[in-house]
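For reference, the structure is listed below as structure tokens.
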Amino acid sequence: MIYKLKDKYFILSLIAIILFFVLFVRLFKLQIVDSKVYLAKSESYLSTTERIPAPRGKILDRYGRPIVSNRLGFSVSFIKKSLSDDELNDLIVNTVTLLRANEDEYIDTFPVAFDGNGYVFSYRDYKGDELDTKVRNTKFALSISDNLNAEECIDVLMEKFNVDKRYSKRDIRDIISVRYEMIVRDFSDTNPFTFTTDASIKSVSAIEENREIYDGIGVSTSPVRDYIYGNMAAHILGRVGMIYREEYDALKDKGYSYNSVIGKDGIEKVLEPDIRGTDGSISISRIVGEESKVTTVAAIPGNDAMLTIDIDLQRVAEKSLMETIESIKANSWKHSDNAGSDVGGGAVVVQDVNTGEILAMASYPTYNPDTFSNDYTELSKDKSNPILNRAISGIYPPGSVFKMLTTIAGFEEGVIDENTVIEDQGVYEYYDQKFNCWIYTETQTTHGPMDASNALKNSCNYFYYEVGKRLGVNKLVEYGKKMNLGEKTGIEIDGEVAGVLASEEYKNLNFNEVWYPGDTLQMAIGQSYNLFTPLQLVNYTSTIANRGKIMQPYLTMCIRDSNTGKIVKETNSVVKNKIEMSDEAYRAVTTGMRLVSYDGTASAIFGDFPVETCSKTGSSQIDGGSANGVFVTYAPYDNPQIAISIVVESAGSGSVTAPIAKAIYSEYFKLTPKETNDNYIKNNTLIS
């Protein structure tokens with residue numbers, strides 16, 4: 001009997017110990033392991049905090065005129081609610097369907113697409129290693145095997161998110177995409193997921209009128225970027241968008257949230273730290289038996305950015321570039337070889353020759369920053385590549401505009417002077433090779449005796465073959481480097497490419513071929529392997545105009561306090577380098593360029609223009625199409641203020657692009673149509 005009682009006490013004690021241990025484990029889990037989760041939940045019942053997005057600073061032109069401002073938009077967010085997987089998935093499909101029907105942009109960074117047949121890995125224009133990295137990071141975030149293909153990923157994620165097979169394949173992909181975003185953006189009771197920051201009134205009205213369908217969706221107002229002139233200056237300004245996970249990881253310590261809007265490209269990205277602003281908040285604390293306490297922290301708008309751009313000049317540059325390209329194509333039938341029928345895109349850059357400030361920068365075709373995300377698929381497939389900023393990322397053979405450099409090098413190295421005269425004999429023979437002057441190829445005639453200025457005016461290849469031979473390739477390379485050709489200028493926006501300055505080293509490294517004497521002759525007239533950006537060409541032209549100062553190009557004039565207008569940061573002009581240019585060399589080159597405008601290849605446009613201009617046309621040959629049209633110019637002749645570079649792909653010749661420069665000069669110098677003699681026509685043969 002005694003043993004039975006002891007056994008009962010032992011069993012009861014053991015049960016008590018087990019119950020105590022279970023209770024201890026439960027309390028430990030609640031108070032230690034899951035404390036943050038339950039604290040957040042309890043705080044969500046007792047207090048709520050709503051973020052107040054700060055307006056970004058305005059972007060202004062050089063005269064303080066707004067180019068980018070803000071307007072009030074509607075944000076649509078998923079709010080954490082006690083929904084089953086089926087209910088949440090239905091909510092996602094309904095919301096995506098609504099926004100897509102109204103062409104509203106929304107967040108979608110899931111790198112799997114439905115192509116009409118099946119699922120494939122795809123994300124924007126990512127390819128190769130870039131796409132592989134994006135896919136690998138996505139798989140890691142979703143805790144799925146790295147060796148699964150796109151179809152297998154969808155199958156695994158359907159099971160993970162309890163996605164019913166009753167949905168269409170497109171809907172399944174959309175559900176998984178949104179559920180993926182919720183994971184990587186830490187979607188929780190205290191952290192809503194902002195799906196779009198600029199929903200249309202149609203979408204917002206539908207949500208508010210059908211709350212039973214959209215239970216779990218919140219609508220609020222927030223500042224939205226307003227690109228006042230639509231697609232004007234798009235490649236300069238860039239665009240904004242919701243922060244990506246990778247961006248958040250890098251910026252979270254600087255006050256960014258998962259729902260922040262940040263600069264993605266252009267000035268919006270470069271000046272992000274200056275113009276982003278500081279978010280505010282509204283906090284509501286609830287205490288039982290007491291009135292709720294509301295604490296508001298006002299949002300602080302970002303600083304304003306004043307650019308070097310003149311919006312009027314920018315408008316004229318873009319309009320004249322587009323109209324000239326259309327005109328070249330429309331009139332190509334007038335040429336026996338249909339030159340210009342295959343005309344493509346182009347770029348224009350306008351620079352203050354004394355400060356380096358960029359007054360206008362146009363790239364055609366272009367895009368609309370407001371609708372970039374919705375338009376992206378179409379833009380990325382467009383063979384004309386409207387996303388490319390041709391002004392800083394397009395590289396082109398300079399053609400005959402390189403001849404100014406050859407002239408300067410010739411004078412500075414003493415191989416020619418003002419008294420040098422070279423007889424154009426039509427065909428230049430060198431090492432058993434024959435190189436024709438362009439005029440001999442076209443008319444079987446020659447230019448006759450040429451000094452440096454007239455050789456530049458007539459673009460006499462024969463003259464420059466001889467100067468190139470006397471200089472040698474190393475001197476041409478030396479002066480090209482002094483002019484910073486084939487090197488990035490260091491302008492502040494992303495995407496600039498270095499281009500190529502032809503050299504023995506470049507040819508050997510890239511083509512495994514030796515440099516021949518004929519390569520030097522081709523380089524001297526601007527052919528060979530030279531490839532420069534329009535920005536480099538305008539900087540080169542400015543250097544000639546200001547007599548040897550290589551200025552640092554820039555787009556940001558200053559940053560101003562948006563409330564007081566006080567300048568908090570300012571960009572100063574910087575002379576990056578200097579190139580020696582004797583009086584003789586300067587006179588020869590500037591006189592030659594003046595003759596091009598007055599009596600040469602650009603005289604049909606500038607022959608009696610009221611402002612004296614200096615110009616050089618170039619026609620750079622390309623394989624399988626019309627020659628690119630290249631044109632550089634500066635004005636006034638005796639007191640240079642601005643320089644312009646123009647490149648139009650497959651234009652046929654450089655001369656046909658000169659009307660773009662005329663329109664820009666007319667705007668800059670505020671000339672009337674009567675003053676510019678727009679009806680003036682001169683019978684002039686277009687050459688390179």
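In this text, all values refer to a predicted model and were calculated from it rather than measured experimentally.
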Which pairs of donor and acceptor atoms, one on a side chain in residues 516-527, lie under 3.5 Å apart (sequence neighbours left out)?
unit_1 : atom_1 : unit_2 : atom_2 : d
D519   : OD2    : K507   : NZ     : 2.7
D519   : OD2    : Y516   : N      : 2.9
T520   : OG1    : W515   : NE1    : 2.9

Exercise: do [X] and [Y] side chains pair donor with acceptor under 3.5 Å:
X: N508; Y: E513; answer: no
X: T489; Y: N539; answer: no
X: E412; Y: S582; answer: yes
X: S650; Y: S626; answer: no
X: D599; Y: S603; answer: no
X: D424; Y: H447; answer: yes
X: N546; Y: S542; answer: no

What heavy-atom pair brings [X] and [Y] nearest, and what distance separates the two atoms?
X: Y554; Y: T308; result: O-OG1, 3.3 Å
X: I493; Y: V270; result: CA-CG2, 3.8 Å
X: G548; Y: M581; result: N-CE, 3.8 Å
X: D312; Y: R315; result: OD1-NH1, 2.9 Å
X: I328; Y: V656; result: CD1-CG2, 3.8 Å
X: V632; Y: M404; result: CG2-CE, 3.8 Å

[X] [atom1]: over 12 foreign heavy atoms closer than 6.0 Å:
X: K670; atom1: NZ; value: yes
X: K576; atom1: NZ; value: yes
X: Q444; atom1: CD; value: yes
X: E505; atom1: CD; value: no

Residue pairs meeting salt bridge (Lys or Arg N to Asp or Glu O under 4.0 Å), one or both in residues 479-489, sequence neighbours left out, come to E478-K482
So salt bridge (Lys or Arg N to Asp or Glu O under 4.0 Å) across residues 379-397, not counting sequence neighbours, yields R390-E649
Rounded to the nearest 0.5 Å, how far apart are [atom1] of [X] and [atom2] of [Y]?
X: M593; Y: T613; atom1: CE; atom2: OG1; value: 9.0 Å
X: T571; Y: L555; atom1: OG1; atom2: CG; value: 9.5 Å
X: E496; Y: S393; atom1: CD; atom2: OG; value: 8.0 Å
X: F511; Y: Y529; atom1: CZ; atom2: OH; value: 5.5 Å
X: Y586; Y: E580; atom1: OH; atom2: CD; value: 15.0 Å
X: M483; Y: T541; atom1: CE; atom2: OG1; value: 9.0 Å

Across all chains, not counting sequence neighbours, the side chain to side chain donor-acceptor pair (under 3.5 Å) partners of S615 are S597, T633
Residue pairs meeting ring-ring contact (aromatic ring centres under 6.0 Å, His included), one or both in residues 455-485, sequence neighbours left out, come to Y428-Y462, Y428-Y465, F435-Y465
Per-pair distances, 0.1 Å, donor-acceptor, side chain in residues 637-646, under 3.5 Å, sequence neighbours excluded:
unit_1 : atom_1 : unit_2 : atom_2 : d
Q641   : OE1    : Y668   : OH     : 3.1
S645   : OG     : P534   : O      : 2.7

The test is side-chain hydrogen bond (donor to acceptor under 3.5 Å, both in side chains); show your working for S573 and T355 and say whether it passes.
CA-CA 5 Å; S573 297; T355 66; 4.5 Å; no
- Parallel, tilted or perpendicular for F606 and F609, by the 30°/60° rule? perpendicular
Quick one: do T366 and E318 satisfy side-chain hydrogen bond (donor to acceptor under 3.5 Å, both in side chains)? Show the steps, please.
CA-CA 10 Å; T366 186; E318 293 194 21; 5.7 Å; no
(message) Set out, in order, the CA-CA distance, both residues' side-chain angles and the distance that settles side-chain hydrogen bond (donor to acceptor under 3.5 Å, both in side chains) for S400 and S459, then state yes or no.
(response) CA-CA 7 Å; S400 292; S459 204; 3.0 Å; yes
Point to revise | N-O pairing of D310 and R62 below 4.0 Å | key: no
